[in-house]
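All residue numbers in this chain count up from 1 along the given sequence.
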Amino acid sequence: DELGSELAIMKGRVDGLEARVNEFEAGQFSETTTMSGSAGFLIGATDSATEANDAVQFEYVIEVDLNTSFTGEDKLNIELEAGNGLTNVGADKVGLDWGSASSDAVEIDDINYTFPVGDWTVAVGDSMDASKTWPNACSMNNMVDNLGDCGAANSVDLSGNVSLSAATEFGDGWELGVGASGIAGTGEAASEGLFTKEGTDLYGIALGYETDSYGFTVAYSDKDTANYYGLVAYYSPEEIPTTFSGGVEVGNPDSGEDTTQWAFGISTDLGEGTLSANIGTNGKIADNAEEIYAYDLSYEYPINDSMSITPFVYISETTGTTTDTTGAGAFMSFSF
């Protein structure tokens with residue numbers, strides 16, 4: 001009784017602290033939510049036929065990846081991105097496979113949900129590639145965008161917008177992937193909807209096999225106005241710290257000539273970093289068209305586990321002109 005008033009005061013203070021703690025915890029991430037991110041700075045320039053674009057430029061990109069699981073076997077993935085790239089040295093396709101064109105605004109780059117259905121892994125989402133869950137045996141560390149996915153970006157790495165992607169493993173390194181996607185339009189095109197005769201739809205299938213030292217993936221896609229057949233592979237001999245990777249893709253459009261695209265690359269350990277050299281056609285080439293090529297060379301040097309710097313140089317040939325685009329520079333990457 002003598003300490004009753006003091007105990008009442010202490011109890012009131014504890015209750016107040018508990019209320020504050022509960023309010024603080026309510027504003028935190030879910031216990032199953034994780035966040036990872038990356039940022040990059042690039043400085044470089046080009047020498048091209050379009051002299052107005054030939055200037056030293058600085059570009060940046062930042063990406064934030066949020067992942068949440070609700071059952072322990074599923075994953076909700078939200079990717080945010082901002083940047084000022086994809087111009088000049090980072091120009092899309094003929095330039096670097098780097099950066100973002102969000103014009104300094106934070107945008108949702110991808111939102112999707114992955115969950116198991118029996119022996120299959122299924123993903124559905126918006127701004128998601130239909131090949132999200134597929135096997136892809138390309139291990140090429142390319143700089144030029146047109147050399148991406150070992151030259152088979154229309155088949156092995158099937159793009160998309162509103163997509164369904166599924167894959168299953170059936171033992172001994174084999175994996176099968178299927179996918180479909182509808183390209184959601186804007187304005188009048190939005191009325192075309194998904195998976196309609198008027199809309200643009202994508203369908204594809206991929207079969208892959210991988211071991212510790214080699215692997216390959218074959219794929220087929222129907223991209224509404226053309227069909228594509230692709231093959232990519234890698235080989236990493238145990239005797240040397242080198243990976244050989246390449247691929248080829250044939251396109252059969254509904255109109256016009258068939259197309260061919262290929263790429264080949266080598267990556268090898270050199271000192272503490274990795275030296276990579278790649279060559280291939282500068283995009284898909286029609287059978288009756290002039291063949292043009294792209295070449296790149298880079299050296300990725302790890303500063304520590306979360307930072308690296310990569311100087312690079314590339315040549316991107318241009319149809320109908322004697323002035324090819326030459327780009328050079330370096331970018332620094334941070335992961336957190």
Side-chain angles (χ1 to χ4, degrees), residues 65 67 69 71 73-79 97 109-142 145 147-184 194-195 199-236 243 245-252 259 261-263 265 284:
D65 196 0
N67 292 290
S69 178
T71 66
E73 296 181 344
D74 63 345
K75 182 176 72 173
L76 175 65
N77 171 241
I78 302 173
E79 298 176 13
D97 183 14
D109 184 57
D110 195 355
I111 177 169
N112 57 79
Y113 181 59
T114 303
F115 54 95
V117 178
D119 294 331
W120 290 78
T121 298
V122 179
V124 294
D126 185 75
S127 301
M128 185 189 85
D129 290 346
S131 59
K132 178 178 176 62
T133 63
W134 290 11
N136 188 344
C138 178
S139 296
M140 204 164 85
N141 186 25
N142 61 290
D145 200 3
L147 300 179
D149 292 293
C150 295
N154 291 295
S155 54
V156 175
D157 187 16
L158 185 61
S159 57
N161 190 345
V162 180
S163 303
L164 167 70
S165 182
T168 184
E169 298 178 2
F170 44 96
D172 299 326
W174 290 95
E175 186 175 1
L176 177 68
V178 295
S181 181
I183 307 300
L194 305 174
F195 306 111
T200 300
D201 304 314
L202 315 176
Y203 306 92
I205 184 170
L207 177 67
Y209 176 78
E210 292 193 38
T211 69
D212 291 337
S213 58
Y214 68 92
F216 68 87
T217 302
V218 293
Y220 164 80
S221 70
D222 179 347
K223 301 190 77 171
D224 227 14
T225 59
N227 299 328
Y228 295 92
Y229 305 84
L231 167 65
V232 299
Y234 71 87
Y235 174 54
S236 300
T243 298
S245 193
V248 62
E249 182 178 81
V250 176
N252 300 130
T259 61
Q261 185 172 356
W262 63 268
K284 54 187 180 182

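- To the nearest 0.5 Å, atom OG1 of residue T217 and atom OH of residue Y234 are 8.5 Å apart.
- Residues C150 and G246 approach most closely at CB-C, 3.5 Å, considering heavy atoms.
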If you apply the rule side-chain hydrogen bond (donor to acceptor under 3.5 Å, both in side chains), what do you find for T121 with T133, and how did you get there?
CA-CA 7 Å; T121 298; T133 63; over 6 Å; no
From CA spacing to verdict: side-chain hydrogen bond (donor to acceptor under 3.5 Å, both in side chains), D74, S69
CA-CA 5 Å; D74 63 345; S69 178; 3.0 Å; yes
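- Here Y220 and Y229 bring their ring centres to under 6.0 angstrom of each other.
- No side-chain N or O of S139 forms a donor-acceptor pair with one of T243 less than 3.5 Å apart.
- Results of the side-chain contact (heavy atoms from CB on, under 4.5 Å) test with I205 over D222, L176, V218 single out L176 as the only residue that passes.
- Judged purely by atom type and a 3.5 angstrom limit, D149 has no side-chain atom pairing as donor or acceptor with the backbone of G151.
- In this pair, F216 and W174 present their aromatic rings perpendicular. The plane angle is above 60°, beyond the 30 to 60° band.
- Side-chain contact annotation: S131 with D157, donor-acceptor N/O pair under 3.5 Å present.
- Between the side chain of D119 and the main chain of T168, no donor-acceptor pair closer than 3.5 Å is present.
- Across every non-hydrogen atom of A137 and V232, the tightest pair is N-CG2, 3.9 Å.
- Looking at every heavy atom in both residues, P135 comes nearest to G177 through CD-N, 4.2 Å.
- Each of E249, Q261, K223 was evaluated against S155; a single residue qualifies, E249, per the side-chain hydrogen bond (donor to acceptor under 3.5 Å, both in side chains) test.
- To the nearest 0.5 Å, atoms CD1 (I111) and OG (S127) are separated by 9.0 Å.
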W262 and L147: CA distance, side-chain angles, deciding distance, side-chain contact (heavy atoms from CB on, under 4.5 Å) verdict:
CA-CA 8 Å; W262 63 268; L147 300 179; over 6 Å; no
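- No side-chain donor from either of N112 and D126 sits under 3.5 Å from a side-chain acceptor of the other.
- Closest non-hydrogen pair, M140 versus S245, comes out as N-OG, 3.5 Å.
- To the nearest 0.5 Å, the span separating CG on L202 from CG on D129 amounts to 9.5 Å.
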Apply side-chain hydrogen bond (donor to acceptor under 3.5 Å, both in side chains) to residues S163 and S181 and explain how you reach the verdict.
CA-CA 4 Å; S163 303; S181 181; 2.7 Å; yes
Does W134 form a side-chain contact (heavy atoms from CB on, under 4.5 Å) with S165? I'd like the steps, not just the answer.
CA-CA 8 Å; W134 290 11; S165 182; 3.7 Å; yes
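- Looking at every heavy atom in both residues, Y209 comes nearest to D172 through CE1-O, 2.8 Å.
- Distance check: T114 OG1 to N67 CG gives 9.0 Å after rounding to the nearest 0.5 Å.
- Here E79 pairs with D65, N77, D109, D110 under the side-chain contact (heavy atoms from CB on, under 4.5 Å) rule; sequence neighbours left out.
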